[in-house]
There are 2 protein chains.
Amino acid sequence: MTDTARTSPVTLHDVAREAGVSLATASRSLNGSTRNVKAANRERVLEAAERLGYSANASAQAVARGTTTTVALLVGDIADPYFSSIAAGVVGAAEDHHLVVTMAETRRDTAREVEMVRALRGQRPRAIILAASRRLGDPHAAALAEELAKYEAGGGRVVFISTVDAPFRMLHVDNAGGAQALGSELAAMGYREVAILAGPGDGAEVMPLRTSEDRLTGFREGLASHGVDVPASRVISTAFTRDGGYEGMQQLIGTFGSDLGGIDLVFAVNDVMAVGAMSAARDAGLVPGRDVAVAGFDDIPTLRDVTPRLTTASLPLERVGEEALALALAEEPGSPALLEAEVAIRESTPGR
Amino acid sequence: MTDTARTSPVTLHDVAREAGVSLATASRSLNGSTRNVKAANRERVLEAAERLGYSANASAQAVARGTTTTVALLVGDIADPYFSSIAAGVVGAAEDHHLVVTMAETRRDTAREVEMVRALRGQRPRAIILAASRRLGDPHAAALAEELAKYEAGGGRVVFISTVDAPFRMLHVDNAGGAQALGSELAAMGYREVAILAGPGDGAEVMPLRTSEDRLTGFREGLASHGVDVPASRVISTAFTRDGGYEGMQQLIGTFGSDLGGIDLVFAVNDVMAVGAMSAARDAGLVPGRDVAVAGFDDIPTLRDVTPRLTTASLPLERVGEEALALALAEEPGSPALLEAEVAIRESTPGR
DNA sequence: GATGTTGCGGAAAGCGCTCTCCACCCTAGG
DNA sequence: CCTAGGGTGGAGAGCGCTTTCCGCAACATC
């Protein structure tokens, strides 16, 4: 019976002995190799395994087979709904393929990202999926690329989500296109005096996030197609977080006064920033949606219930995760996939 | 130089050969064992490793050392901010210990949970942390306990977050106490006619979630201490999700009419449900906070900006994750830790 | 009966590491 | 001069598996 006093896991050897067969037969019975095992023997092995509570040592299998069942996912911040939604997609899809996913966090620090990749590389994952946002002209980009190249040289696969073109498998999210459509639609609704809360980076000292940049540029183009221009003085650089949005709006109010100097629409480059911005407006006595329209980007499900309901560009984040895994597993990378954003006009931009 | 054509990872053997030393010396140089290596040799090894882009094979190390650097985390739903906050805490703390965390999702299905544990067990993680919510009288509980017992018999550690007492390391979250304090305070503020949106399970067909049950009971006790009673007809069983909250409120409105028959406070057993409930109220023409007060539980950061700001019991979720890991790593389990919730009264319950 | 075929079990050689043990060199002490 | 002992390198066993290869038996074919 089960040896309750043991303190190290049951091995295949134990099972084989218990079943009275060889290691080879036990192995073949438990993982359905190409080779057949006589039913009687397989039966005995399965029983013995069950009785002993055997569970194959994945590390040993990995060493013997030369391949693991692991996929690594690197995100900026797990608690951020943007990343956790993507993670949910990856984990869900991974499970369908009987893969285990290991996660790490860059904490939005691009130097750490290189370290994390180095650490993850040791796991010999089938693929490394990078969902952490990249910066333009990042000084660590070269180091990252080098580390990833080494990983690929060892047979690994690298998938990048939403970023600059890189010599790896790419999953593009249509930030620019979505933002453009959003900008165009809002301009058509009559908004003329627009301010933008962009992500961090002024282009000089700190480099901007690629995602933020794409959304900023796209949005401006969308507005421009209706003859609306956003002067540089109305583009605020701030953190890519809720607090960043809050502070950005505060800054706007500080600069232009509590009537915002006629600004009728504030576009934040992501939903959590937009929500922070609404709070700041409210705290300054403005009613979002009435005194100033606000729009975001992403369409985070958890934020679906904020009031007024947020106009945004809807991104299928779980699907992004699923597609990323599919891309990682595909034999041939194919052309870079593009996931589109869909404009969702809601009460936070009632129109003028 | 780096062999760019290779397709299988660089091994320690390669490094040793490149450096002109033995496998043993290479191993000792690269991981700082107890044994000394002459500086010159270590230097050569480090250089060779760098040049070849070597990264130690974690699986092989695990097999050789008989121990991994992995911790497994099992959550109900990664995209749910409750779980992702805990996950962030675990991942953050794990990193400080140079551990990698692998995540799996039960999708709130308790049968799947057993399977997931079985799969994770193969990884031989140092610990398995279970954050997935458990049900009272779960028919799969026995199977789960058995699977976990097997894992522990193999030297693994199991940590349970927020649940029934079980013969494993426990991290208790003070759901009952927090709910009681919240109930008491709200009763003191004058609320008398209360309805509760509880989690799923009617106690007969479907078993209730332990978390939900604790919060329900605690809240009732808190009210009772001020002489306020909640009749069973005002306790709605619904899904533990945003949609569950929405439907629960709809049901309340359907039953008691659009004035809610005098109900002045609705307590939802978690924040996402509360937010869903507010939306349902709004969609029915009620103004949350004015026509009906709403309270939640958890204090999810992402939901900090909903309006009216949500009264809730604040749980330090990231800390829960950190403590869970600490508990997993501790030599001696010690007495079950208890993490307290703090009442946060905000505008969604202005008082009467 | 000799000669293939299959079908299946087991021995053993790896997989990429760690770590024990032994060998060797050098210095110090007698 | 010899011996003891500390420091260091390397051979090789072993971790828990997979998988190749060999051998044996049972059966079909001529």
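Owing to the predicted nature of the structure, the values given are computational and were not obtained by experimental measurement. Note: hydrogens, waters and symmetry copies are ignored here, and every other heavy atom, side chains too, is used.
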Whether T25(B) contacts dG10(D) is assessed here as follows: a side-chain N or O lying under 4.0 Å from the phosphate OP1 or OP2. Is that the case? yes
Let's see if you can work this out: which of dT18(D), dA11(C), dC17(C) has an atom nearest to the side-chain heavy atoms of L23(A)? dT18(D)
Hey, are the side chains of H140(B) and E113(B) touching, using non-hydrogen atoms and a 4.5 Å cut-off? no
NE2 of H13(A) versus P of dA11(C): gap in Å, rounded? 11 Å
Among the nucleotides dC21(D), dG16(D), dT18(D), which one has an atom lying closest to any side-chain atom of N57(A)? dG16(D)
Are Y151(A) and P125(A) close enough that some pair of their side-chain heavy atoms sits under 4.5 Å apart? yes
Taking atom P of dC15(C) as reference, at what distance in whole Å does atom CG of L12(B) sit? 14 Å
Any S22(B) side-chain nitrogen or oxygen under 4.0 Å from OP1 or OP2 of dG9(D): no
So, is N41(B) near the phosphate of dT8(D), with a side-chain N or O under 4.0 Å from OP1 or OP2? no
For the pair R126(B) (side chain) and V71(B) (backbone), establish whether a donor and an acceptor sit closer than 3.5 Å, ignoring hydrogens and angles. no
For Y54(A) and dG16(D), is the shortest distance between a side-chain N/O and OP1 or OP2 below 4.0 Å? no
Please report, rounded to the nearest Å, how far the P atom of dG7(D) is from the CZ atom of R42(B). 15 Å
Candidates dG16(C), dG10(C), dC17(D) - which lies nearest the side chain of A60(B): dG16(C)
Does a nitrogen or oxygen in the side chain of N36(B) sit under 4.0 Å from OP1 or OP2 of dG7(D)? no
Given dT18(D), is OP1 or OP2 found less than 4.0 Å from the side-chain N or O atoms of S27(A)? yes
Separation of dA25(D) P from K38(A) NZ (nearest whole Å): 13 Å
V90(B), V91(B), L130(B), I128(B) screened by side chain to side chain contact (heavy atoms under 4.5 Å, CB included) with L73(B), the one that passes: V90(B)
Winner on side-chain proximity to A24(A), out of dA12(C), dG16(D), dG9(C), is dA12(C)
Nearest-Å distance, CZ (R121(A)) to C1' (dG16(C))? 15 Å
d(CD, Q123(B); C1', dC17(D)) in whole Å: 15 Å
Below the 4.0 Å mark, does dC8(C) have OP1 or OP2 next to a side-chain nitrogen or oxygen of R35(A)? no
Checking side-chain polar atoms at under 3.5 Å, does D138(B) have a donor or acceptor matched by the opposite partner on T110(B)? yes
Taking N and O atoms by type only, does the side chain of R28(B) place a donor or acceptor under 3.5 Å from a partner on the base of dG10(D)? yes
Whole-Å distance, D14(B) CG to dC15(C) P, equals 11 Å
Less than 4.5 Å apart, side chain to side chain, heavy atoms only: is that true for R108(B) and D80(B)? yes
How long is the line joining CG of L30(B) and P of dC19(C), in whole Å? 14 Å
Would you indicate which nucleotide in dT18(D), dG9(C), dT20(C) comes nearest to any side-chain atom of N31(A)? dT18(D)
Checking contacts here: which listed nucleotide (dG10(D), dT18(D), dG10(C)) is nearest the side-chain heavy atoms of V21(B)? dG10(D)
5'-most contact on DNA chain C: A64(A) or G20(A), nearest heavy atom basis? G20(A)
Any donor-acceptor pair, under 3.5 Å, between the side chain of R65(A) and the base of dG14(C), if you only look at N and O atoms? no
So, OP1 or OP2 of dT18(D): does either fall under 4.0 Å of a side-chain N or O from Q61(A)? yes
